[in-house]
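Below: one structure, written as structure tokens.
Read the numbers this way: they start at 1 and go in the same order the structure lists the ligands and their atoms. Computation of the quantities below employed the complete heavy-atom set of this structure, encompassing side-chain atoms and omitting hydrogens, waters and symmetry-equivalent molecules.
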Amino acid sequence: MTILIKNGLIVTSTSSYIADVYVEDGKIKAIGTNLNYSAKTVVDAKGKYVLPGAIDPHTHLAMPFMGTHAQDDYETGTIAAACGGVTSLIDFDIQQKGESIKQALERKKSWAHDKVAIDYSLHPAITDPRPEVIEEIKDAILEYGTPSFKIFMVYDFRVNDATMIKLLEETKKYGGLVQVHAENVHMIDHLNKEFEKAGTMTPYFHAKSRPNIAEEEAVFRASKMVEMTGSKIYIVHLSSKEGLSKVKEAREKGINVFAETCPQYLILDEERYKEQGFNGAKYVMSPPLRTKESNQALWEGINRGDIQILATDHCPFDIKGKKDMNGTDDYKKIPNGAPGIETLLMLMHSEGVVKGKITLEKMVDLLSTATAKMFGLADKGEIVVGKDADIVIFDPEQKFTITQEKLHMNVDYTPYEGIEITGMPVEVYSRGEKVAQWQNDHVEFIGKKGHGRFVKRVALTHF
Ligand code: URP
Ligand code: ZN
Ligand code: ZN
């Protein structure tokens, strides 16, 4: 399969320039002006951007959670990803009690196997830190190709501080990275009891029960463990101005704290919890939506370099049937999570680049180049010779009004319903295979399930 993409604006994390891209056997083989290759497919990309496919390093496909499971599986989730211009994802693989890391990986790979439509990797999430599991960290980094490990400071499957320290020390030895969901569980438990006593249990109180200070304290505690061990850590779904201030403080001292945020924490705010009836449950996720002040602080954190990565935390549950499956009178019983994988790139371009909050090059860095580097996806994340031909032809003028009806995620709502978008992916390639295409008024999947591959990642010794 050969493709010649002509005259597009190639966007890298540092610059943009007009050139042709030649693709052969799924790889970028040449870049230059007036390339003289005869190709099976020629794409006229004049007036379009040629972007590296976005990489979403935070998804929960089919994850069992809060008495149910996240609704997108590897088929529907990766089809939706492709339609949104996401060409790779790294999914969380939550270790079940008694499992080894290898068993957990094999279990999740078997769910993906013949369903997955784009390339993927896995982050083992350590929930049962037996001594032999800690010992297995070395193999996970050096053999299994999964050098990043998620831990939770909240939920029933959280680990304690002693385990965090052990994991930081073990990952440091071999080039691994600990990722942490940082919220103080005791503060949250205390507030849950207070609200229960007061009888204030609507979705709005989900946000009030998980205040900014709970994130701030947990980020601070985690960063002190990093300082003590000389290791590094990655804060997932950073949501608050206060949490960010602790990331900044640590980084200013030279402590290796990295951070990710998500579109929901940049664009939406806690007013959403006041939507009529039970609709506030659509936004019940942890950490919760914050105020506009935090939205603004996070954009600033991105531009200062304190936040390096954008991800979705894609974890969808229907508003009818799932969010309300345990009743509507206790926010604690609402499955936590929201859909987002398909809207990542369009939102970051339209709300970020078009509105002047970030540059186009910064967007590419946050969604592709920095992500590939952070997580060791050696063949992904850039339009350069030798990398996989994971390419999005992006029309910066194409309008689209976000509506669930035109999206592919297996869920009955989008948190972004009605948002007017400027700029959409019009062709999406995964290793040189076209997997999605703009058709009339939306993007349609034209790839094959099973095309995606498990990608072994490299040890993270390069930063
Ligand atoms: O509410 C969320 N974020 N659900 C998914 C699990 C997690 O904490 O990332
Ligand atoms: Zn989390
Ligand atoms: Zn998550």
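- With respect to the salt-bridge test (charged N to carboxylate O, under 4.0 angstrom), the residues Asp93 and Arg107 qualify.
- Scanning the protein for heavy atoms near atom 7 (C) of ligand 1, the closest one is Tyr155 OH, 3.6 Å.
- When you scan the N, O or S atoms of His237 for the one nearest the Zn ion (ligand 2), you land on NE2.
- Taking every heavy atom of His58 and a limit of under 4.0 angstrom, the matching atoms of ligand 1 come to 9 (O).
- Among the heteroatoms counted here (N, O or S) of Asp313, OD1 is the one nearest to the Zn ion (ligand 3).
- Its N, O or S atom nearest to the Zn ion (ligand 3) is what matters here, and for His58 that atom is NE2.
- Closest to atom 1 (O) of ligand 1, if we only count protein heavy atoms, is Ser286 N, 2.7 Å.
- Looking at Asn336 against ligand 1, both its backbone and its side chain come within 4.0 Å, counting heavy atoms.
- His181 contributes atom ND1 as its closest N/O/S atom to the Zn ion (ligand 2).
- Sparse packing is recorded around NE2 of His113, with 12 or fewer heavy atoms of other residues, nucleotides or ligands lying under 6.0 Å away.
- Residue-ligand proximity, Met285 to ligand 1, at heavy-atom distances under 4.0 Å covers atoms 1 (O).
- Atom 3 (N) of ligand 1 has as its closest protein heavy atom Asp313 OD2, 2.6 Å.
- In summary, the atoms of ligand 1 found under 4.0 Å from a heavy atom of His237, numbered by their order in the structure, are 8 (O), 9 (O).
- Open room surrounds NE2 on His186; 12 or fewer heavy atoms of other groups in view lie less than 6.0 Å from it.
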